[in-house]
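Some notes on the structure that comes next.
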There are 2 protein chains.
Amino acid sequence: MCIAGGRIHDLQGAGSKTFGATAPTLSAQHVSTHDHLFFEGDARDRIYIVESGWVKLYRTLIDGQRQIVGFANSGSILGIESDGHYSNSCEAITDVIIRPIPAIRINGICKNDPALADQILRQIARQLGAAQSQLATIGAQSAEQKLATFLLSIADLCEVNHDREFDLPMRRGDMAEFLGLRLETVSRKMTEFQRRGWIKLTSLYHCRFLQRHVLEQLAQGGEADTGVALRAC
Amino acid sequence: MCIAGGRIHDLQGAGSKTFGATAPTLSAQHVSTHDHLFFEGDARDRIYIVESGWVKLYRTLIDGQRQIVGFANSGSILGIESDGHYSNSCEAITDVIIRPIPAIRINGICKNDPALADQILRQIARQLGAAQSQLATIGAQSAEQKLATFLLSIADLCEVNHDREFDLPMRRGDMAEFLGLRLETVSRKMTEFQRRGWIKLTSLYHCRFLQRHVLEQLAQGGEADTGVALRAC
DNA sequence: AGAACCGCTTGATTTCAGTCAATTCGATTA
DNA sequence: TAATCGAATTGACTGAAATCAAGCGGTTCT
């Protein structure tokens, strides 16, 4: 099966030709929160361009452990890392609108559709860079540093508003599975960040930076000084 | 600077036209062990195709922590994840022969050189898949599982010979920086794997599988049973 | 030969994050 | 308003890997 619950709906007439004259012809589709676009191992019959909303991409190990390998929102292309079969599962974490592209178009795409191919090449390069950054985060940072890095990068994707406020569209457990932590650890650190006055959670899924520079220092591998001036030495 | 020690040598006449009629014109170059092809942040003036030998790709955090984001050998394309500037440093861990491709060719490559573009697209997709697998390894596995996964995948890249023997071209510290562990932990686990009769180190950089299935079970998230039969229950 | 160096191994101890368990919070429904 | 359910928080305890430190073995340099 490819779509859990079969709740993907065609949106005839919704935003078309986003990707130029050679763009795909399939119409945009709607996916509800918690529905899957595809599962790891499914035959890859199409790739998807996200038009709005958020999805998570993850892998499941045999012992049930899961690893989220990325979150994706508007502009992301899904399914390009695989060949024949999807190598990740993909679940909507908000309501999502996607535009499918038949996989058949991918073979020899450079000859047949150079505009789309360039688009895909840029996207996949960006995703590879992001995956490598995430490797550095997961492999070389402490829980505290991981969370700081995560908040900054998610805020970046969400475009922080004038109040330094941004969405946190995923659950604590998703954050944990992305960062290689447990949700209890994420929860504790979020609480600690608040207690120290670095962030303010206006709701579970809404966050505001109070001391962004402290998080940036943490993320870059420095010590958090909480405003205490460093003495020259 | 781009090449530490300036020890990259042109190899005029060495293997040419590996990548079809539209292949790059620059000649192959030799890089000695421990020399750098490029550093994180350098202007990306070219990408490279590895023709022989091994390199490591890594990032350095401000506090000096390093994360190896990948090892690459024959057939790999280096520098494609970046745009304008290299996002990783690249160091030869053995003597290496590479073929450079001027970055200028990359823009609009689909129109100008579709054969090379298809090649790059396949390579980058493979690298993204590998990076995501590595995320799952680093984020969701124990030290023991990480090492089992690593040995299996490196053996795969090296092509195990008839004696189930394969090269381990990197140092313990490199393995550690790749797996998000400390070199002491890698050393301990390697010793433990040997003591349990799963592997035999014929030298520091040469390994033989004795009980490959145990490692495979470990890597997939199961318990290691060391040959003791499981009772049906 | 001796000294110095480098990478690896091994041991003792500490610590950060994981585990297990209880409780709270918030949204939805009866 | 009470009941229910899922998600998040909080607490007590444990354990796996990090840290700190010493020693080993091979290679290179004087």
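Source: prediction; values computed, not measured. Here is how names work: the chains are called A, B, and so on, in the same order as the sequence lines, proteins then strands, and each is numbered from 1. Just so you know, these numbers use all the heavy atoms, side chains as well, and skip hydrogens, waters and symmetry mates.
- Remark: A:R66 is positioned above the aromatic ring of A:Y58, its terminal NZ or CZ atom under 6.0 angstrom from the ring centre and at most 45 degrees off the axis.
- Between B:L147 atom CG and C:dT9 atom P the separation is 11 Å, expressed in whole Å.
- OP1 or OP2 of D:dA7 lies within a sub-4.0 Å distance of a side-chain N or O belonging to A:R171.
- A straight line from CD of A:Q194 to P of D:dA8 spans 14 Å, rounded to a whole angstrom.
- When the P atom of C:dT19 is taken as reference, atom CG of A:D63 falls 11 Å away, rounded to whole Å.
- Within 4.0 Å (heavy atoms only), B:L183 reaches at least one base atom of the nucleic acid.
- Distances shorter than 4.0 Å separate none of the side-chain N or O atoms of A:Y205 from OP1 or OP2 on C:dG26.
- Counting distance only, with no hydrogens placed and no angle test, the side-chain atoms of A:E184 and the base atoms of C:dC20 include a donor-acceptor pair under 3.5 Å.
- A donor and an acceptor atom sit less than 3.5 Å apart, one in the side chain of B:R188 and one in the base of D:dT19.
- Rounded to whole Å, atom P of D:dT10 lies 12 Å from atom CE of A:M190.
- Using a 4.0 Å cut-off, some side-chain N or O of B:T185 falls inside it from OP1 or OP2 of D:dA18.
- Contact annotation: B:S142 does not reach the phosphate of D:dA16 (side-chain N/O to OP1 or OP2, under 4.0 Å).
- Put simply, CE on B:M175 is 15 Å from P on C:dG7, counting in whole angstrom units.
- Between A:Q123 and A:Q127, the side chains place a donor N or O and an acceptor N or O closer than 3.5 Å (distance only, hydrogens not considered).
- Here D:dT9 presents its C1' atom at 13 Å from CZ of A:R195, a figure rounded to the nearest Å.
- Comparing C:dC8, D:dA17, D:dT9 by their nearest atom to the side chain of A:R172 picks out D:dT9.
- As judged by a 4.0 angstrom heavy-atom cut-off over every strand, B:L181 is placed among residues touching the sugar-phosphate backbone only.
- Side-chain nitrogen and oxygen atoms of B:R182 include at least one within less than 4.0 Å of the OP1 or OP2 phosphate oxygen of D:dT19.
- Separating the CE atom of B:M170 from the P atom of C:dG7 is a distance of 15 Å, rounded to the nearest angstrom.
- Between B:V186 and A:L204, the residue whose closest nucleotide on DNA chain C is further toward the 5' end is B:V186.
- Proximity of the aromatic rings of A:F178 and A:F150 is defined here by a centroid distance below 6.0 angstrom, and this criterion is met.
- Side chain of A:R44 to main chain of A:G79: a donor-acceptor pair is present (N/O by atom type, distance under 3.5 Å, no hydrogens or angles).
- For B:S87 and B:E40, the side-chain atoms include no donor-acceptor pair closer than 3.5 Å.
- Separating the CG atom of B:L201 from the C1' atom of C:dC8 is a distance of 11 Å, rounded to the nearest angstrom.
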